[in-house]
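All heavy atoms count here, side chains included; hydrogens, waters and symmetry mates do not. Both ligands and their constituent atoms are indexed starting at 1 by order of listing.
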Amino acid sequence: MKISTMNIEKIRVDFPILSRKVNGHPLVYFDNAATSQTPSTVINAIVDYYQKYNANIHRGVHTLSQEATEAYEEARETIRAHFNAKKKEEIIFTSGTTHGINLVANGFASEIKKGEEILVSALEHHSNIVPWQMLCQKTGAKLRVIPMTEEGELDMNTFYDLLSEKTKLVFLNHVSNALGTINPIEEIIQKAHQKNAAVLIDGAQAAPHIQADVQQLDVDFYVVSAHKMCGPTGVGILYGKEEWLNKLPPYQGGGEMIDQVSFEKTTYAGLPHKFEAGTPNICGGIAFGKAIDYLHEIGFDTIAEYEHELLTYATEKLLEIEGMKIFGTSVKKTAVISFNIEGMHPYDIGTIVDKLGIAVRTGHHCAQPIMDYYKIPGTVRASFSFYNTKSEIDSFVKAVKRAKIMLS
Ligand SMILES: *Cc1c(COP(=O)(O)O)cnc(C)c1O
């Protein structure tokens, strides 16, 4: 299938929110990099859970508990298959990307020593910087940064220079949330492994557009959030290679994660439960599985192709505006456009287009180091999804032009 003017309307019907109005105008939702919208199948799965089989999982003998456990574990299997993990036990449910990263960073405290190094890219989201700074403070390890280029790509030559026998872990995002750059993670994983360094990939921004195959990538850890891929907020997964997950200590103590408990000694449960202390977001996990099913119905190749069409169209149209500067011009990009117009504050542009029903993000996009590189306080970021249309882009460009007249 190919998304076209023929069937885009049918896809849009799957997303009830897209028919609402904002400030008297039809909603144009271009903030997909912050969170995606939710199709009816996912909304219905949430309603269904609370109406029919809401119960705690893994411990009850009663029917509802068994039904809930079954649905939750079925979702884990859907997610395993999607990422092509070898085993279901390698899929740990988390509250999202941030949780997944913190879980690994915490575990690495016993894996890394003073004088050893962690490499991080300059294109990171704050949630992928701060946990490593905390780990370095705790262990005396050193954080080193792979710099970026004017195009918003990683400076790979410096990466090769920085990578050494001291490197224990490399972490970076698959796709930059602020600029949309798709990073060459295959090459980075391969080179890091040659030095015996582990690699953690933040897949939050890639997951809605690119189906990552964790075995083919040979990645050690891969983390995502459901809410960026048509699922609900507050749930995500950490994929970890079994060897690593066995080696790392649990992140939180509590129910579900234990085998035997006494005051003298507690033994931990096996994978994945060792990392899943407490009652999880059961409904969220189930709905996450449905979101992945939905994306597969549309098809990841179809999504990537159509979104690229939107990106090309919007880039051309926006560049017709005088004073337009787009940040992040890598040829390998997802459908994200970060821009400024000379002499105008991004916040003012965002506020005016919102009056016309258009949702974009303004600010530093949780990636201040990138803004520092360009010496700007922030940008306007429009990020597209497969349910957006060229006619919405036309409305947006018109609104930006109007903002420009009002602000000059
Ligand atoms: C959104 C995002 C995160 C944070 O995800 P949460 O769901 O807030 O935990 C981390 N990294 C990237 C690249 C993101 O886009």
For ligand 1, would you mind listing the residues that have at least one heavy atom less than 4.0 Å away, ordered by chain and number?
Thr97, Thr98, His125, Ser127, Asn177, Asp202, Ala204, Gln205, Ser225, His227, Lys228

Ring centroid separation for Phe93 and Tyr72, is it under 6.0 angstrom?
yes

Is the distance between the ring centroids of Phe288 and His227 under 6.0 Å?
no

Between Glu392 and Arg12 (salt bridge meaning N to carboxylate O under 4.0 Å), is one present in this structure?
yes

Contacts table for residues 394-408: side-chain donor-acceptor under 3.5 angstrom, sequence neighbours left out:
{"residue": "Asp394", "atom": "OD1", "partner": "Tyr313", "partner atom": "OH", "Å": "2.6"}
{"residue": "Asp394", "atom": "OD2", "partner": "Tyr313", "partner atom": "OH", "Å": "3.4"}
{"residue": "Ser395", "atom": "OG", "partner": "Ser391", "partner atom": "O", "Å": "3.1"}
{"residue": "Lys404", "atom": "NZ", "partner": "Glu322", "partner atom": "O", "Å": "3.1"}
{"residue": "Ser408", "atom": "OG", "partner": "Lys404", "partner atom": "O", "Å": "2.7"}

Does any non-hydrogen side-chain atom of Ile321 lie less than 4.5 Å from one of Phe339?
no

Single hit among Thr97, Asp202, Thr98 for side-chain hydrogen bond (donor to acceptor under 3.5 Å, both in side chains) with Ser225
Thr97

